[in-house]
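Order of the sequence lines sets the chain letters (A, B, ...), proteins ahead of strands, with each chain counted from 1.
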Amino acid sequence: MRRGCPLPSPPHSQGFAFPDWAYKPESSPGSRQIQLWHFILELLQKEEYQGVIAWQGDYGEFVIKDPDEVARLWGIRKCKPHMNYDKLSRALRYYYNKRILHKTKGKRFTYKFNFSKVVLVNYPLLDVAAATTGSPLLLTPGPFGGTPGPDAPPLSPEVS
DNA sequence: ATCGGAAAGG
DNA sequence: CCTTTCCGAT
């Protein structure tokens with residue numbers, strides 16, 4: 001019997017809980033463990049968590065209004081009762097080199113998704129904008145990719 | 001608060 | 001591979 005935590009993860013209601021692109025279809029028939037950035041996206045998608053985490057500022061930028069709560073929820077999701085923002089943020093920091101996220105300096109608890117790379121590279125056709133009505137998420141690529149791409153400075157040659 | 005190395009576990 | 005945990009440095 002599967003022991004662990006009862007996952008309140010809504011596979012697929014009718015419309016869509018969340019587009020497939022966040023679930024990494026790459027080499028994984030069954031299901032891979034939820035990744036932190038998927039979880040963050042999941043929270044950002046729901047209005048009930050706007051007091052905890054929400055889009056704010058630039059495109060792809062979000063602020064964690066209640067770090068302890070986000071950590072608590074993440075801990076529940078991963079069955080890690082001792083999760084806290086310190087540890088969660090370390091995981092977030094590992095995303096810097098992966099180009100998934102980066103920090104918005106000067107703004108406390110504020111990070112920014114690099115959708116331009118992450119999303120568009122893996123899934124050219126996305127419609128998250130529909131799910132995040134009013135949120136600065138996905139956009140339609142311009143003539144040449146539309147990605148202004150102010151983010152792509154340096155990086156180690158690490159490619160999974 | 002934020003960063004990132006190191007070790008450990010799944 | 002992706003965190004989780006611990007922790008010294010900035």
K107(A): partners by salt bridge (charged side-chain N to carboxylate O under 4.0 Å, His left out), with sequence neighbours left out: E61(A)
Examine [N]: is either OP1 or OP2 under 4.0 Å from a nitrogen or oxygen in the side chain of [X]? Give yes or no.
X      : N       : value
K80(A) : dT4(C)  : no
Q33(A) : dG10(B) : no
K98(A) : dC2(C)  : yes

Partners meeting side chain to side chain contact (heavy atoms under 4.5 Å, CB included) with N84(A) (sequence neighbours left out): D86(A), K87(A)
Could you give the [atom1]-to-[atom2] distance, from [X] to [N], as a whole number of Å?
X       : N      : atom1 : atom2 : value
K87(A)  : dT5(C) : NZ    : P     : 4 Å
N84(A)  : dT4(C) : CG    : P     : 11 Å
L36(A)  : dC1(C) : CG    : C1'   : 15 Å
I76(A)  : dT4(C) : CD1   : P     : 14 Å
I100(A) : dC2(C) : CD1   : P     : 7 Å

Note, M83(A) side chain near I76(A) side chain (heavy atom, < 4.5 Å): no
Min side-chain heavy-atom separation V52(A)-I64(A) under 4.5 Å: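 With C-beta onward as the side chain, the pair stays apart.
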Residues which pass side chain to side chain donor-acceptor pair (under 3.5 Å) with Y95(A), listed by chain and number, not counting sequence neighbours: none
Atom pair CD1 (I40(A)) and CD1 (I100(A)), whose distance is rounded to the nearest 0.5 Å: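 Going from the CD1 atom of I40(A) to the CD1 atom of I100(A) covers 11.5 Å.
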Any residue of residues 63-74 of chain A with a heavy atom less than 4.0 Å from an atom of DNA chain B: none
Ring geometry between F109(A) and Y85(A) (parallel below 30°, tilted from 30 to 60°, perpendicular above 60°):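 Taking F109(A) first and then Y85(A), their aromatic rings stand perpendicular (interplane angle over 60°).
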Lys NZ or Arg CZ of R99(A) over Y96(A) ring: under 6.0 Å, within 45°: no
Sugar-phosphate only, base, or nothing, as touched by L88(A) at under 4.0 Å among non-hydrogen atoms: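 No contact at all - L88(A) keeps every heavy atom at 4.0 Å or more from the nucleic acid.
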Touch class at under 4.0 angstrom, heavy-atom based, for F39(A) against every strand present: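 Nothing, no heavy atom under 4.0 Å.
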All N/O pairs under 3.5 Å across the protein-nucleotides 2-9 of chain B interface:
unit_1 : atom_1 : unit_2  : atom_2 : d
dT2(B) : OP1    : K103(A) : NZ     : 3.2
dT2(B) : OP1    : F109(A) : N      : 2.8
dT2(B) : OP2    : Y85(A)  : OH     : 3.4
dC3(B) : OP2    : Y96(A)  : OH     : 2.8
dG4(B) : N7     : R90(A)  : NE     : 3.1
dG4(B) : N7     : R93(A)  : NH1    : 2.9
dG4(B) : O6     : R93(A)  : NH1    : 2.8
dG5(B) : N7     : R90(A)  : NH2    : 2.8
dG5(B) : O6     : R90(A)  : NE     : 2.7
dA6(B) : N6     : Y94(A)  : OH     : 3.2

For F39(A), ring-ring contact (aromatic ring centres under 6.0 Å, His included) partners two or more places apart: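 Expected list: W74(A).
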